[in-house]
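Reading through the structure tokens given below for one structure.
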There are 2 protein chains.
Amino acid sequence: MARQGSLSTKPSPGLRIGEVARRTGLPVKTIRFYCDAGLLQPKERSAAGYRLFDEENLAELTIIRALRSMDVSIPELVRILEVRRAGVCNCSVLKDSIAAKMKSINLRISELASMKDELSRLLDSWQDCGGLKADR
Amino acid sequence: MARQGSLSTKPSPGLRIGEVARRTGLPVKTIRFYCDAGLLQPKERSAAGYRLFDEENLAELTIIRALRSMDVSIPELVRILEVRRAGVCNCSVLKDSIAAKMKSINLRISELASMKDELSRLLDSWQDCGGLKADR
DNA sequence: GCAAAGCTTCCATCCAGTGGAGGGTTCTTG
DNA sequence: CAAGAACCCTCCACTGGATGGAAGCTTTGC
């Protein structure tokens with residue numbers, strides 16, 4: 001059966017959910033949840049009803065993960081991914097929203113930096129609270 | 001009524017929840033929720049049962065806000081604040097946990113930075129998708 | 001052929017808040 | 001002092017984003 005259709009257009013067998021989970025580090029449950037939420041479309045089901053994903057889905061999951069970690073809501077992500085799928089950006093609204101997102105990332109970065117400072121100051125202040133039967 | 005006890009030990013009237021909300025930028029509901037969760041102790045109630053907060057509580061809220069934004073869970077925060085209240089750090093466990101936290105902050109910062117790059121690349125790639133009736 | 005592992009759906013639970021009803025308190029102002 | 005606005009209280013329900021578990025197919029490997 002010519003193990004892979006030889007050198008035709010690379011039909012790609014489709015990754016099952018567990019494999020996707022392994023590759024992205026996301027729990028299976030979460031991936032399923034994203035599918036249900038309309039964030040991710042498996043593009044195919046096996047005869048038995050198994051979700052089959054492709055490389056594109058993996059790329060989307062990377063985006064999803066990154067933006068979710070910035071608290072972008074799921075409906076918002078749906079919108080963003082739709083536009084991404086559409087390919088060309090015909091509306092500047094999206095550009096604006098991305099620019100805004102970048103601004104908020106910068107803000108977050110500086111927040112984190114100052115938090116780090118604060119923590120390290122805290123740590124220092126403790127370093128020399130010595131004397132009281134410290135670690136002997 | 002000597003508006004503030006003149007120059008004695010500064011009894012401080014105690015801030016009511018609305019004022020705390022105004023100063024910290026947190027919703028009243030959330031502050032109440034933190035109290036219920038044992039994160040924040042008003043230290044006093046007015047005769048009418050109003051929660052009365054002090055400066056220390058404000059400081060705690062700052063910490064809470066910062067750490068919550070790093071997804072530190074509420075039970076964990078309870079632990080942390082307890083130790084903080086206890087004053088001196090007698091266990092190095094906490095130091096370790098803070099050091100770990102700092103590590104994760106660093107990680108997060110670099111994640112964000114690379115996300116920013118990715119976004120700006122995305123934005124660039126769209127900038128010059130021009131041609132199709134762009135913005136005229 | 002059969003067990004283990006993997007997948008499905010569906011429903012319950014969790015966490016961190018948020019919203020609203022129903023009711024008491026404090027401030028302002030006439 | 002009365003009225004009204006603004007504030008506060010508790011309690012209970014609900015949300016969003018997952019996560020856990022049961023019950024039941026399917027695929028894999030010996």
Side-chain angles (χ1 to χ4, degrees), chain A residues 1 3-4 12-54 57-58 60-81, chain B residues 1 3-4 12-54 57-58 60-81:
Chain A
M1 265 105 180
R3 71 158 75 207
Q4 186 64 270
S12 184
L15 306 163
R16 293 193 312 194
I17 202 166
E19 180 61 18
V20 173
R22 230 162 292 123
R23 295 210 198 171
T24 59
L26 288 168
V28 167
K29 281 261 165 167
T30 301
I31 299 173
R32 230 176 257 134
F33 170 75
Y34 287 159
C35 292
D36 294 355
L39 262 189
L40 201 61
Q41 275 122 335
K43 280 308 173 185
E44 197 162 1
R45 292 270 184 149
S46 78
Y50 287 16
R51 293 171 183 81
L52 298 178
F53 301 86
D54 58 11
N57 291 137
L58 290 181
E60 289 177 340
L61 274 176
T62 308
I63 296 178
I64 291 169
R65 228 156 82 102
L67 296 193
R68 277 296 305 131
S69 84
M70 280 294 295
D71 281 324
V72 175
S73 77
I74 284 181
E76 174 86 358
L77 269 176
V78 170
R79 248 179 27 87
I80 291 178
L81 290 181
Chain B
M1 264 109 171
R3 71 158 75 206
Q4 187 61 273
S12 184
L15 306 163
R16 292 193 312 194
I17 203 167
E19 180 61 17
V20 173
R22 228 163 293 121
R23 295 211 199 172
T24 59
L26 288 169
V28 167
K29 282 259 166 167
T30 301
I31 298 173
R32 232 176 256 135
F33 171 75
Y34 287 159
C35 292
D36 294 355
L39 263 189
L40 202 60
Q41 276 122 335
K43 281 306 174 186
E44 199 163 0
R45 292 270 183 151
S46 79
Y50 288 14
R51 293 171 182 83
L52 297 178
F53 301 87
D54 58 10
N57 289 138
L58 290 181
E60 289 177 341
L61 274 177
T62 308
I63 295 178
I64 292 169
R65 228 156 80 101
L67 296 193
R68 277 295 306 131
S69 85
M70 280 294 296
D71 281 326
V72 175
S73 76
I74 283 181
E76 173 86 358
L77 269 176
V78 170
R79 249 179 27 86
I80 291 177
L81 290 181

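Note that the structure is predicted; figures quoted are calculated from it, not measured. Convention: sequence-line order gives letters A, B, ...; per-chain numbering from 1.
Computed from coordinates, the B/F33 CZ to C/dC15 P distance equals 10 Å when rounded to whole Å. Between the CG atom of A/L26 and the C1' atom of D/dA18 there is a distance of 11 Å, given to the nearest Å. Computed from coordinates, the B/I31 CD1 to D/dC7 P distance equals 14 Å when rounded to whole Å. A/L77 places its CG atom 14 Å from the C1' atom of D/dA18, with the value rounded to the nearest Å. Taking atom OH of B/Y34 as the reference point, atom P of C/dC15 lies 15 Å away to the nearest angstrom. The nearest whole Å value for the distance from the CG atom in B/L39 to the P atom in C/dC15 is 14 Å. Between B/D36 atom CG and C/dG17 atom P there is a gap of 13 Å when expressed in whole angstrom units. Following rounding to the nearest Å, A/R32 (CZ) and C/dT9 (P) show an atom-to-atom distance of 7 Å.
For the side-chain contact (heavy atoms from CB on, under 4.5 Å) test with A/L39, the passing option among A/I31, A/I63, A/I64, A/L61 is A/I64; the others fail.
The line from CG of B/L81 to OH of B/Y34 is 11.0 Å long, rounded to the nearest 0.5 Å. If you take OG1 on B/T30 and CZ on B/R68, they are separated by 10.5 Å, rounding to the nearest 0.5 Å. A distance of 11.5 Å separates CZ of A/R23 from CG of A/N57, quoted to the nearest 0.5 Å.
Salt bridge status for B/E19 with B/R16: absent, with no side-chain N to carboxylate O gap under 4.0 Å.
Nearest-nucleotide mapping onto DNA chain C: of A/R16 and B/P27, the residue sitting toward the 5' end is A/R16.
Contact check, B/S73 against C/dC15: no side-chain N or O comes under 4.0 Å of OP1 or OP2. Between B/R68 and C/dG17, a side-chain N or O to OP1/OP2 separation shorter than 4.0 Å is present.
Residues from residues 45-52 of chain B placing a heavy atom under 4.0 Å of any atom in DNA chain D, listed by number, are B/R45, B/G49, B/Y50, B/R51.
Listed candidates were D/dG17, D/dC9, C/dA16. Nearest to the side chain of B/I74 is C/dA16.
Contact of A/K29 with D/dG17 (side chain to base): no donor-acceptor pair of N or O atoms is detected under 3.5 Å.
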**Report entry** Verdict with supporting geometry, B/Q41 and B/E60, side chain to side chain contact (heavy atoms under 4.5 Å, CB included)
**Finding:** CA-CA 10 Å; B/Q41 276 122 335; B/E60 289 177 341; 5.8 Å; no
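Across every non-hydrogen atom of B/L58 and B/T24, the tightest pair is CD2-CG2, 3.9 Å.
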